Structure formats: structure tokens, C-alpha cells
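Note sheet for the following structure.
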Amino acid sequence: MTNQFRTWLLGLGLGLSFSAGKAVAENKAAQALPSEQWVQFRYDVEIPPLKKEDLPLQIYVPLAPSTEQQSVLSRDIKTSDTKMLESARIERESIYGNEYWALTLNEPRAQATQVSFTYKILRRKKDLSGWAASSKEEYAPKEREGMELYLKADKRVPIEGELVQKLRGEIPRSATTPVLKAKAIFDYVVDNMEYKKVGSGWGNGDTVWACTEKYGNCTDFHALYTSMSRAEGIPTKFDIGFPIPEDKPQGEIKGYHCWIEAYLPKLAWLPVDASEAKKHPGRRELLFGTQPADRIVFSTGRDLLLRDMPGTPINFFIYPHVLHGDKKLDKFVKTKFTYQILKPEDLKASL
């Protein structure tokens, strides 16, 4: 055996050992994540100076809701123009019930206007890691009543056609119940998709893109999962919000994160995060059935129609939606998202 070959073997062994050790360490770290997290989250919007030709301008900003896993303890909305705040309104879209802040501007403005939404939120971990105990269960006769919304196709998420039939053929025949199918779909998505943001086309939550290019961000991973899941008759819900980093007590968040939940027999809504499972192999099994308290949800669903909103539905709602007539101008405003992890005693003192 040559020294070069011996060195190569040693390096390979160390590499495999390092990868396995990293996965084990990552899994231990994930299991140790807190069951609750108190967060101060700030969502800043800057509206630039407005000329007559920019008007009228409609701005819609999603508002974080209280849910089973998330309690909005306080919400403070401030602006550099108090008259603007008085004319704004809080509304709710009719399909999923998402709440949002809406503003119509009709007058020119010489200076930029700042609007800030500051929240104090208690986020809870959801743990249905014992899903395997229900692996033989089928839906009870009335268990999926009222679930039509979570079984239908979205514009970019088909549930019928040649492509979907091909995808359904990827589910192992041994996966005969909803729970086993949900896990098999999770494994297929994680195994066949690559998490990366290269070129253009990714980030729209498009099943056809995901199948063709086999890469994308969380929206693309979960569009593929949703198509396969709903095609099998499993209600699937899309949530979008922001990740809260676990390694820093405060800082800026550069972008959104999305995840899904599948409604399964005897389990209700089971959390699924295929894109994070791909990014963190050591957490793969954890992220089917368990959702850490490391995120804040802002809206649910796809193809949203806001009240009095002209034009086509919103693909998903996390950044401000801005319209001039029926022309979409979402990049017209600037945004910034920051967070601070709070201690329970500090949070109680501030409320």
C-alpha cells in the first residue's frame, strides 16, 4: 500500500467520521432546543417619497396571528406620520382568515415614511414525534370534513395530471395508510431535492419547477410535498413566516421561511419541514412530526385575495404587497426584520 493511498483512506475515514459526528451533534442540539421561546420581533417598512404619478398607492402588510403554537402578547404599530396611522385599517382576508394592515395613499410626500410593527411573542414547540404509533390508522368517516381548502390545487401546486401521476408512482407500495404515505413523501422530497438559490425560477413554490430542476428554497420543497400529499387525499396546510436563529440572542433576519402541516388520522396537524431536513441531515427525523419553537408564522395559504385588492391573487403573503392600480410594486418599499430573544422575567416586566 502506497503512502498516498494510505493517506487517501485515512482522509476518507476521517471525513466519514466527521460527517457522522456532525449529524449526531446536530441531532442532540435539536433535541435540546427549548420547548418555548419568548421573542421580540420588529417588522420595519420604509415607504419612499411619493410623486403624483405614484398615486394612489395601496399597501398591505401581513400581521402575525395568535395560533395554537404562537401567542402574540403585544403588537405596537408606529409611524413617522401619525395621520397615516389614523387612516390605516386592519382587515382580514376571507379564505384563510389572515389578518393584515392596509393603507391607501392619495397624496404626494416629499420624505420617506417609516412604519414599524413590534411584537412580543411566545412561541411553543409542537411535538408529535410519536407518529409511528398511528402508522396503521385510516381516516375516520368524518375526520376530513371541512378540509376542502387543504385538499384543492393551488395555481402553482397541481394535484392532477400526468406529472402528479408520475409523482404518485414514486410512493412505495408499502406505504398503504395516510401516515405512511406522508412519511414516504417526506423522504422522497428530501432525497430528491437540493436546497440552493441559483439563477432564476426558484422561490415561487412551483411543483413543476421542483420536479424539473430538482432544487429550490423552502417554497419549492413544500410545493412538491403538497402536490404529492393532496393528490393522495391528505389535507396539507402551508404556513410562512420568519426563522428565529438559535445561535444568536438578537440580530437581523434576511428572509422568510415556510413549512407545512399534514392532517393525519389520530394525529391532527402533523408538522413537516422538508427543506430544513435537507439543510440539517442530523435533524431529518426530528423535522417530520416535530416543529421547534424557532420560527414565527405570519400567514397561511396560497393564492390569497385581500379585500378591495385588484389584480391577481397573491402567491403567498410575507412581504408587503404594494399596488398602483392593478400594477404590482412590491419592491417599491424597503423592509427590515430584526429579533431579540427575551427572558421570561424580562418579557413579563415589559407587558
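Everything quoted here is computed from the prediction, not taken from an experiment. FYI, the numbering just counts along the sequence from 1.
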Does V179 offer a backbone N or O that forms a donor-acceptor pair with the side chain of S135 under 3.5 Å? no
side-chain contact (heavy atoms from CB on, under 4.5 Å), that's the test. Do M84 and L103 meet it? Break it down for me. CA-CA 8 Å; M84 174 190 289; L103 177 69; 3.4 Å; yes
Between Q291 and R123, is there a side-chain donor-acceptor contact under 3.5 Å, judged purely by atom types and distance? yes
Kindly say whether D81 contributes a backbone atom to a donor-acceptor pair with the side chain of T79 at under 3.5 angstrom? yes
Determine yes or no for a side-chain-to-main-chain donor-acceptor pair under 3.5 angstrom, with R230 supplying the side chain and T236 the backbone. yes
Donor-acceptor pair between T219 and N217 side chains, under 3.5 angstrom: yes
For the residue pair F298 and Y119, does the interplanar ring angle fall in the parallel (under 30°), tilted (30 to 60°) or perpendicular (over 60°) class? perpendicular
Within the side chain of S66, is there an N or O that forms a donor-acceptor pair under 3.5 Å with the backbone of V72? yes
When the side chains of residues 259-268 are checked against the rest of the protein, which donor-acceptor pairs come out under 3.5 Å, sequence neighbours left out?
from	atom 1	to	atom 2	distance (Å)
E261	OE2	K126	NZ	2.8

Looking only at heavy atoms, the pair that brings R124 and A293 closest together is C-CB, 3.8 Å
Please enumerate all residues that pass ring pair (Phe, Tyr, Trp, His ring centres under 6.0 Å) together with F337, with sequence neighbours excluded. Y43, F242, Y319
Check this for me: does any side-chain nitrogen of one of R284 and D191 sit under 4.0 Å from a carboxylate oxygen of the other? yes
Co-members of I159 in a cluster of I, L, V, M, F, W and Y side chains, linked at under 4.5 Å: none
Enumerate, atom names and distances included, each donor-acceptor pair closer than 3.5 Å involving a side-chain atom of residues 90-99, sequence neighbours excluded.
from	atom 1	to	atom 2	distance (Å)
E91	OE1	Y100	OH	3.0
E91	OE2	R89	NE	2.8
R92	NH1	G97	O	2.8
E93	OE1	I95	N	3.0
E93	OE1	Y96	N	3.3
E93	OE2	Y96	N	2.9
E93	OE2	G97	N	3.1
E93	OE2	N98	N	3.1
E93	OE2	N98	ND2	2.8
N98	OD1	T300	N	2.9
N98	ND2	T300	O	2.8
E99	OE1	R75	NH1	3.3

Hits for ring pair (Phe, Tyr, Trp, His ring centres under 6.0 Å) against Y339, two or more places apart or cross-chain, chain-then-number order -> none
Should K152 and D154 count as an ion pair when the cut-off is N to O under 4.0 Å? yes
Not counting sequence neighbours, list each pair that qualifies as a salt bridge (charged side-chain N to carboxylate O under 4.0 Å, His left out) and has a residue in residues 192-211. R156-D206, E194-K196
Are L149 and K237 close enough, and set up right, to give a side-chain contact (heavy atoms from CB on, under 4.5 Å), and what steps lead you there? CA-CA 9 Å; L149 186 60; K237 178 170 61 174; over 6 Å; no
Test salt bridge (charged side-chain N to carboxylate O under 4.0 Å, His left out) applied to E170 - qualifying residues, sequence neighbours left out: none
Would a line drawn from the ring center of F316 to the ring center of Y256 be shorter than 6.0 Å? yes
Donor-acceptor check, side chain of H222 to backbone of C218, threshold 3.5 angstrom: yes or no? yes
So, R109 and E107, do they make that salt bridge, N to O below 4.0 Å? no
How would you list all residue pairs meeting salt bridge (charged side-chain N to carboxylate O under 4.0 Å, His left out) that involve residues 208-227, not counting sequence neighbours? none
Test log, rule side-chain contact (heavy atoms from CB on, under 4.5 Å), inputs V39 and Q70: CA-CA 11 Å; V39 183; Q70 176 172 298; over 6 Å; no
Which Ile, Leu, Val, Met, Phe, Trp or Tyr residues join Y215 in one cluster when any pair of side-chain heavy atoms under 4.5 Å counts as a link? V198, W202, W209
Which pairs count as side-chain hydrogen bond (donor to acceptor under 3.5 Å, both in side chains) when at least one residue sits in residues 325-334, sequence neighbours excluded? H321-D330
Counting distance only, does the side-chain N/O of S229 pair as donor-acceptor with the main-chain N or O of Y225 below 3.5 Å? no
Sorted by chain and residue number, the ring pair (Phe, Tyr, Trp, His ring centres under 6.0 Å) partners of F288 (sequence neighbours excluded) come out as W131, F186
Check this for me: does any side-chain nitrogen of one of K83 and E86 sit under 4.0 Å from a carboxylate oxygen of the other? no
Contacts satisfying salt bridge (charged side-chain N to carboxylate O under 4.0 Å, His left out) that involve residues 127-138 (not counting sequence neighbours) are none
Decide side-chain contact (heavy atoms from CB on, under 4.5 Å) for M193 and K278; before the verdict, give the C-alpha distance in whole Å, the side-chain angles of both, and the deciding distance to 0.1 Å. CA-CA 8 Å; M193 286 286 288; K278 185 69 176 188; 5.8 Å; no
